[in-house]
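What you see is a predicted model; the values in this text were computed from it and never measured.
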Amino acid sequence: MVRNINIEHTLAALPYLFYIPIPVLVPLIFAIIFRKNKFILFHSVQALFIHIIIGAFISLTLSFFMNYCNNLAILSVKYEYGDFYGILTIIIGLLYLLVIITPILLGVYYSSGGKCFKFPIIGNISEKVCNYIT
């Protein structure tokens, strides 16, 4: 089945996708350029808040995670249970990555589908910001 690609939905999904190269700048630029379109503006502002929260989460927890992995490496050498601690580190790292990537993928999925999905707290704030801007 061939599906029409809606440019508005694609443009609303782009601010979520640009977390890797330029986290906060792209949603801000999209919010300024497309401030007349409520759908793109809402998803741009929501992506901006998500990028800020993910950045804060990474900066607050990365040092803890790295310290935890170093402690597990020391334990694996000391007690010779290297396989268990290595697997535990990988599992915790994958869970950490899942926490970071899940909101981005949810935002891309719903915005590209044309749905105005609101994240629990961020969505209401984004909606208020959009109403204030327009």
### Task
Flag yes if Ile58 and Leu105 sit in one hydrophobic cluster, no otherwise; membership is Ile, Leu, Val, Met, Phe, Trp, Tyr, and two members link when side-chain heavy atoms are under 4.5 Å apart.
no
### Message
Quiz question: by atom type and distance under 3.5 Å, do the side chains of Tyr96 and Thr61 form a donor-acceptor pair?
### Response
yes
### Task
Go through the steps for Phe119 and Leu106 under the test side-chain contact (heavy atoms from CB on, under 4.5 Å), then give the verdict.
CA-CA 9 Å; Phe119 285 96; Leu106 280 174; 4.0 Å; yes
### Closest non-hydrogen atom pair between Val45 and Cys130, with its separation
CG2-SG, 4.2 Å
### Task
Find the distance between CG (Leu11) and CD1 (Ile33) and round it off to the nearest 0.5 Å.
9.5 Å
### Query
Would you call Leu14 and Val26 a side-chain contact if the rule is heavy atoms closer than 4.5 Å?
no
### Query
When rounded to the nearest 0.5 angstrom, what is the spacing between CG in Leu95 and CD1 in Ile100?
11.5 Å
### Task
Report yes if the side chains of Pro27 and Phe18 come closer than 4.5 Å at any heavy-atom pair, otherwise no.
no
### Query
What are the two closest heavy atoms between Ser44 and Phe30, and how far apart are they?
OG-CB, 3.3 Å
### Path from Ile101 to Ile54 over hydrophobic side-chain contacts below 4.5 Å
no
#### Entry: Ile32 CD1 to Ile133 CD1 distance, which is reported to the nearest 0.5 Å
8.5 Å
### Task
Kindly give the heavy-atom pair with the smallest separation between Lys118 and Glu127, and that separation in Å.
NZ-OE1, 3.1 Å
### Task
Find out whether Asn131 and Lys38 are in side-chain contact, i.e. whether some heavy atom of one side chain is under 4.5 Å from a heavy atom of the other.
yes
### Query
How far apart are the C-alpha atoms of Phe34 and Leu41, what are their side-chain angles, what is the distance that settles it, and do they pass the side-chain contact (heavy atoms from CB on, under 4.5 Å) test?
CA-CA 6 Å; Phe34 297 107; Leu41 178 65; 5.8 Å; no
### Message
According to a hydrophobic-cluster definition based on side-chain heavy atoms being under 4.5 Å apart (Ile, Leu, Val, Met, Phe, Trp, Tyr only), do Val108 and Leu28 belong together?
### Response
no
### Query
Hey, quick one: are Ile40 and Ile125 part of the same hydrophobic cluster, counting side-chain heavy atoms closer than 4.5 Å, chains of contacts allowed?
yes
#### Entry: Ile121 atom CD1, neighbour heavy-atom count above 12 within 6.0 Å
no
### Query
Does one hydrophobic cluster hold both Ile104 and Val99, with members joined at side-chain heavy-atom distances below 4.5 Å?
yes
### Summary
When Phe39, Tyr109, Tyr16, Tyr110 are each screened for ring-ring contact (aromatic ring centres under 6.0 Å, His included) with His9, the one that passes is Phe39
### Task
Could you walk me through whether Ile52 and Val24 pass side-chain contact (heavy atoms from CB on, under 4.5 Å), step by step?
CA-CA 7 Å; Ile52 290 171; Val24 175; 4.1 Å; yes
## Note on the structure
Here the pair of heavy atoms bringing Phe117 nearest to Phe42 is O-CE2, 3.6 Å
### Message
I need the His51 NE2 to Gln46 CD distance, nearest 0.5 Å.
### Response
10.5 Å
